[in-house]
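Please read all numbers here as calculations on a predicted model, not as lab measurements.
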Amino acid sequence: MTPPGSTSLLLTVFNTAAAGDAARDVTRCCAARPFTETIVAGRPYQDFDALDAAIDTGFAGLVWLDVVEALNDHPRIGDQSASGWSRAEQAGAAAAPADVTAAIADGNRAYEDAFGHVFLICATGLSGEQVLAALRYRLGNDPAEEHRIVTDELRKITKLRMRKLLGG
């Protein structure tokens, strides 16, 4: 994490980029179009604290269909074909023993059957066992609670990705 009030050269470049270029970058972090529009329109950001606040505001304005749009851009947790940020974020799940990865795969199918979308968790720093425990726990949630959790997990992932993208 960067110190409060900090900025970077990449944040400055983002602030002054053409709207289309900035939108492309934001979409790499969260594929919900209304969110992208909010973040791009809110530029310039004085520092990462201001960007984090804008991300929170952008997420507060999303409806469930916007979240689903972003979910469609996320691979299943533990998917060996995941690439880029997803692969790095899911490293703990990917390195888990075979019995844990098989249980995550089974849990993914059960979750998708129950909720109609991929299981999403901010997996950075989590082991495969921790991901599996969260997956099993969340299978017991009702859809409204799970929508709230998924939206918050997506927000956390987006903040991490925006900071990676912009050097924060």
Side-chain angles (χ1 to χ4, degrees), residues 1-4 25-39 48-168:
M1 231 15 150
T2 55
D25 287 343
V26 174
T27 300
R28 288 179 53 210
C29 300
C30 178
R33 280 174 283 187
F35 174 78
T36 296
E37 292 166 1
T38 297
I39 297 303
F48 286 106
D49 292 339
L51 179 59
D52 282 346
I55 291 169
D56 290 340
T57 299
F59 266 82
L62 296 181
V63 298
W64 180 245
L65 286 177
D66 301 327
V67 174
V68 170
E69 179 181 26
L71 289 175
N72 290 335
D73 197 49
H74 282 267
R76 285 186 181 100
I77 192 89
D79 185 346
Q80 296 301 315
S81 66
S83 62
W85 284 330
S86 292
R87 180 181 281 294
E89 292 161 355
Q90 296 183 21
D99 62 321
V100 174
T101 58
I104 290 172
D106 290 344
N108 279 334
R109 285 188 290 278
Y111 183 94
E112 290 172 24
D113 288 346
F115 297 106
H117 57 80
V118 297
F119 171 71
L120 189 74
I121 187 168
C122 184
T124 299
L126 299 180
S127 69
E129 291 81 359
Q130 290 170 311
V131 169
L132 179 58
L135 174 55
R136 286 178 171 160
Y137 175 81
R138 287 175 48 193
L139 277 166
N141 288 340
D142 65 54
E145 176 66 4
E146 196 55 24
H147 287 181
R148 186 194 64 72
I149 292 170
V150 167
T151 301
D152 190 53
E153 294 296 310
L154 181 62
R155 183 187 58 79
K156 289 189 271 186
I157 292 167
T158 301
K159 282 185 173 184
L160 287 171
R161 288 181 175 185
M162 288 294 292
R163 283 184 177 256
K164 286 177 194 173
L165 177 74
L166 300 175

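- F115 contributes atom CZ, which lies 6.5 Å from atom CG of L139 (distance to the nearest 0.5 angstrom).
- Contact record, L120 with V150: CD2-O, 3.9 Å, taken as the closest heavy-atom pair.
- Residues F59 and D152 form no side-chain contact, since every pair of their non-hydrogen atoms from C-beta on lies 4.5 Å or further apart.
- In terms of heavy-atom proximity, T36 sits nearest to C30 at OG1-O, 3.5 Å.
- Ring geometry for H117 against H147 counts as tilted: the plane angle lies between 30° and 60°, on a 0 to 90° scale.
- Rounding to the nearest 0.5 Å gives a distance of 9.0 Å between CD of E146 and CD of E153.
- No side-chain heavy atom of F119 sits less than 4.5 Å from a side-chain heavy atom of I104.
- To the nearest 0.5 angstrom, T158 atom OG1 is 9.0 Å from I39 atom CD1.
- Contact annotation: the side chain of L126 approaches that of I121 to within less than 4.5 Å [non-hydrogen atoms, C-beta and beyond].
- In terms of heavy atoms, D66 sits closest to P34 at OD1-CG, 3.3 Å.
- Side-chain atoms of Q130 come within 3.5 Å of backbone atoms of S127 as a donor-acceptor pair (strictly under, hydrogens ignored).
- Counting all heavy atoms, side chain and backbone alike, T101 lies closest to A96 at CG2-O, 3.7 Å.
- Atom CG in L132 sits 9.5 Å away from atom CG in N108 (nearest 0.5 Å).
- Between D56 atom CG and K159 atom NZ the span is 3.5 Å, to the nearest 0.5 Å.
- Taking CG of L160 as the start and CD1 of I157 as the end, the distance is 8.0 Å to the nearest 0.5 Å.
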Tell me, with the steps shown, if R163 and D52 meet side-chain contact (heavy atoms from CB on, under 4.5 Å).
-> CA-CA 9 Å; R163 283 184 177 256; D52 282 346; 2.7 Å; yes

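- Using a 4.5 Å heavy-atom threshold, the side chains of T27 and F35 count as separate.
- Residue Y111 comes nearest to V118 through the heavy atom pair CE2-O, 3.4 Å, listed as atom of the first residue, atom of the second, then distance.
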Report the C-alpha separation of L51 and L166 in whole Å, then their side-chain angles, then the decisive distance to 0.1 Å, and conclude whether the side-chain contact (heavy atoms from CB on, under 4.5 Å) test is met.
-> CA-CA 10 Å; L51 179 59; L166 300 175; 3.7 Å; yes

Should R161 and R28 be marked as a side-chain contact (heavy atoms from CB on, under 4.5 Å) after you check the CA-CA gap, both sets of side-chain angles, and the distance that decides it?
-> CA-CA 8 Å; R161 288 181 175 185; R28 288 179 53 210; over 6 Å; no

M162/V26 under side-chain contact (heavy atoms from CB on, under 4.5 Å): CA gap, chis, key distance, verdict = CA-CA 7 Å; M162 288 294 292; V26 174; 4.1 Å; yes

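- Scanning both residues, A32 and A70, for their nearest heavy atoms gives N-CB, 3.9 Å.
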